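For the numbers below, each heavy atom of this structure counts, side chains included, while hydrogens, waters and symmetry mates do not. Only a predicted model underlies this, so the values are computations on that prediction, with no experimental measurement involved.
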Amino acid sequence: MSKLLSPAKIAGLSLKNRVVMPPMCMYVVDKEDGKVTPFHHAHYGARAIGQVGLIILEATAVEPDGRLTNRDLGIWNDDQIPGLKALVDELHSLGTKVGIQLGHGGRKAQDAKDKIAPSPLAYNDDYGKPREMALEDISRVQRSFIAGAKRAQAAGFDLIELHGAHGYLINQFLEPLTNRRTDKYGASLENRYRFVGEMLPDIRQAFSGSLWIRLSMTAYDESGQQNTIEDWQTLGRWLERDGLDCLDISTGGLLDTRPNIPIYGGYQASYTAKMKEAVSIPVTAVGLLNSPELDEYLLQTDQTDLIEIGRGLIRNPNWPAYAAEVLHDHDFKSYNNSYQRGQVK
């Protein structure tokens with residue numbers, strides 16, 4: 001049996017395989033109330049039937065003004081819990097583990113009425129200049145993340161992932177390019193870590209499941225001002241020390257520029273491997289990992305612990321069955337006999 005499709009115990013989770021559906025925003029909450037819709041049941045349910053081992057719901061806002069757009073999911077009030085719980089229960093019944101990504105857009109919260117950020121630096125002209133967060137703003141948002149974790153516990157999620165990547169609020173605090181503060185939340189790497197580090201003990205107390213964070217290990221900045229790989233490895237060690245169970249490694253999103261690099265299958269995997277050198281907790285890989293052979297190679301050579309398939313699962317909800325065919329994994333089983341017959345050519 002392939003390593004990709006073998007059962008595994010990782011980050012406190014018993015998974016039927018190492019295929020993960022990463023958070024991908026769908027922008028379908030037309031009522032703008034942050035609540036789960038029928039689309040979410042169909043969308044995520046199809047991938048659960050397709051035998052994805054772990055599904056992580058799209059970025060879910062801890063505050064209304066933290067949404068990337070007003071059509072995002074939310075977890076800022078208790079009225080949103082029943083819909084989330086019904087979705088979690090359904091996905092569990094279909095045989096997959098379920099996570100949720102908690103986030104705040106900061107300066108990239110497109111529709112925010114009161115746009116906030118560590119420093120008053122606009123993402124671009126369209127997004128507009130944010131207001132620099134006062135200490136009371138920082139404390140409030142930290143409490144919102146903790147409250148979101150409590151609601152995630154009530155909804156029955158197996159894991160929480162904090163969104164610390166792609167230029168959103170936590171990422172904005174971590175990177176010197178977007179954090180120009182001179183108080184205890186800025187300047188040094190230790191101070192820039194403080195925003196997320198301070199809330200981790202309370203999140204851990206509020207949520208009993210697996211605790212992850214997604215990180216962008218480069219901003220593709222060519223000015224020499226971004227965090228170095230060594231900085232990110234230090235942050236990874238601090239996150240491990242402070243109780244994180246898994247680091248979800250990605251890149252980019254902080255700046256409104258396209259990376260000046262070739263884009264190819266596995267182009268971000270080297271960053272995952274670099275983080276894996278620094279920590280003992282599991283790490284994930286993401287980014288055009290549509291080739292089962294490449295994914296198996298990354299796992300077999302210990303460059304990653306899990307494989308995240310994003311756009312590949314959008315195109316094909318039964319991607320694990322496709323991977324089984326490519327890898328000649330005859331032990332893979334589809335959801336039921338009807339689906340198994342559908343895989344026979």
Y220 side chain to T251 side chain, donor-acceptor N/O pair below 3.5 angstrom: yes
Test: K108 and D256 ion pair at under 4.0 Å: no
Same apolar cluster (I L V M F W Y, side chains within < 4.5 Å links), W212/I309: no
Main-chain N/O of E161 paired to R214 side chain as donor or acceptor, under 3.5 Å: no
Under 3.5 Å: donor-acceptor pair, side chain of K16, backbone of G95: yes
Donor-acceptor pair, side chain of S216 and main chain of H166, under 3.5 angstrom: yes
Same apolar cluster (I L V M F W Y, side chains within < 4.5 Å links), L313/V286: no
L298 side, atom CG; L294 side, atom CG - distance, nearest 0.5 Å: 4.5 Å
Exercise: identify the closest heavy-atom pair between R107 and A117: CB-CB, 3.9 Å
Q110 versus Y123, side-chain donor and acceptor atoms under 3.5 Å: no
Check: S334/Q51 side-chain N/O donor and acceptor closer than 3.5 Å: no
Test item: side-chain donor near acceptor, S139 and R143, under 3.5 Å: yes
Side-chain heavy-atom pair I213, L247 within 4.5 angstrom cut-off: yes
Residues R131, D114: salt bridge by 4.0 Å N-O rule: yes
Donor-acceptor pair, side chain of T96 and main chain of G53, under 3.5 angstrom: yes
Contact summary for A59 and C25, nearest pair of heavy atoms: CB-SG, 3.8 Å
Contact summary for P292 and W319, nearest pair of heavy atoms: CG-CZ2, 3.9 Å
Donor-acceptor pair, side chain of Q172 and main chain of G167, under 3.5 angstrom: yes
Verify same cluster id: L102, L54 (apolar side-chain graph, 4.5 Å): no
Non-hydrogen atoms of A206 and Q153 that approach each other most closely: O-CB, 3.6 Å
Pair K115-D65, salt bridge (Lys or Arg N to Asp or Glu O under 4.0 Å): steps then yes or no: CA-CA 7 Å; K115 197 185 303 290; D65 263 355; over 6 Å; no
Side chain Q225, main chain E175, donor-acceptor under 3.5 Å: no
D78/R151 salt bridge by N-O under 4.0 Å criterion: yes
Audit row: K276, D305, salt bridge (Lys or Arg N to Asp or Glu O under 4.0 Å) steps and yes/no: CA-CA 9 Å; K276 196 165 175 59; D305 296 290; 2.8 Å; yes
Under 3.5 Å: donor-acceptor pair, side chain of R47, backbone of Y44: no
Heavy-atom closest contact (D158 atom, F207 atom, distance): C-CZ, 3.9 Å
Pair T234-D231, side-chain donor/acceptor within less than 3.5 Å: no
Residue pair A154 / K85: nearest heavy atoms and the distance that separates them: O-CD, 4.0 Å
Flag, side chain of T69 to backbone of R71, donor-acceptor distance under 3.5 Å: yes
T301 and Q303: CA distance, side-chain angles, deciding distance, side chain to side chain donor-acceptor pair (under 3.5 Å) verdict: CA-CA 6 Å; T301 54; Q303 296 182 61; 2.9 Å; yes
